[in-house]
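Reading through the structure tokens given below for one structure.
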Amino acid sequence: AAYYDGRGVPKDPKKEKYYHEIAAMAGHVSSRSVLGTIEYNEGHFDRAYKHWMMAAKAGCTYSLKEVQEGFENRFVTKEQCEEILV
């Protein structure tokens, strides 16, 4: 979060993304969700929804909402939604 808003360090989106990737690989669900938002804002919609689907499957309600919106907008298939709920 420090690199996002510059708390104690200069703002650095690349470092922010890097440290969220490290945290997500270690199982940090919120970082996985944040990666979805970063990827979405960068225009990488497929990657964004993959991150959100993993986070939703791990119990992140924000990511579940994003996946539901992705389903409504045809970015996510019915099968992918069902996979999250299993």
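Being a predicted model, the structure only gives us computed values, none of them experimental.
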>> Please determine whether the number of non-hydrogen atoms from other residues, nucleotides or ligands lying under 6.0 Å from atom CG of Asp46 exceeds 12.
In response: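 Not more than 12 within 6.0 Å, no.
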
>> Quick check: is Phe45 connected to Ile38 through a chain of hydrophobic side chains (ILVMFWY, heavy atoms under 4.5 Å apart)?
In response: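 No, Ile38 and Phe45 fall in different hydrophobic clusters.
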
> Quick one: do Met54 and Val34 end up in the same hydrophobic cluster if we chain Ile, Leu, Val, Met, Phe, Trp and Tyr together by side-chain heavy atoms under 4.5 Å apart?
Replying inline: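 Different hydrophobic clusters.
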
> Sequence neighbours excluded, which residues qualify as salt bridge (Lys or Arg N to Asp or Glu O under 4.0 Å) partners of Lys17?
Replying inline: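 For Lys17, the residues satisfying salt bridge (Lys or Arg N to Asp or Glu O under 4.0 Å) (neighbours in sequence not counted) are Glu39, Glu42.
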
Can you name the side chain to side chain donor-acceptor pair (under 3.5 Å) partners of [X], sequence neighbours left out?
X	result
Lys65	Glu69
Tyr18	none
Thr77	Gln80

What donor-acceptor contacts under 3.5 angstrom involve side-chain atoms of residues 21-32, with partners at least two apart or in another chain?
{"residue": "His28", "atom": "ND1", "partner": "Ser31", "partner atom": "N", "Å": "3.1"}
{"residue": "His28", "atom": "ND1", "partner": "Ser31", "partner atom": "OG", "Å": "3.2"}
{"residue": "Ser31", "atom": "OG", "partner": "His20", "partner atom": "ND1", "Å": "3.0"}
{"residue": "Arg32", "atom": "NH1", "partner": "His51", "partner atom": "ND1", "Å": "3.1"}
{"residue": "Arg32", "atom": "NH2", "partner": "Ala24", "partner atom": "O", "Å": "3.4"}

Rounded to the nearest 0.5 Å, how far apart are [atom1] of [X] and [atom2] of [Y]?
X	Y	atom1	atom2	result
Lys57	Leu85	NZ	CG	9.5 Å
Thr61	Glu66	OG1	CD	11.0 Å
Cys60	Met53	SG	CE	13.5 Å

> For the residue pair Gly36 and Ala48, what are the closest heavy atoms and their distance?
Replying inline: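 Answer, listing the atom of Gly36 first, then Ala48: O-CB, 3.2 Å.
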
> Is a side-chain N or O of Asn73 found less than 3.5 angstrom from the main chain of Phe75, in a donor-acceptor match?
Replying inline: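 No; judged by distance alone, with no hydrogens or angles, the pair does not exist.
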
> Under the ring-ring contact (aromatic ring centres under 6.0 Å, His included) test, which residues partner Phe71, sequence neighbours left out?
Replying inline: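 For Phe71, no residue satisfies ring-ring contact (aromatic ring centres under 6.0 Å, His included) once neighbours in sequence are set aside.
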
> Can you tell if the side chain of Trp52 reaches within under 4.5 Å of the side chain of Leu35, non-hydrogen atoms only?
Replying inline: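 Trp52 vs Leu35: side chains apart.
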
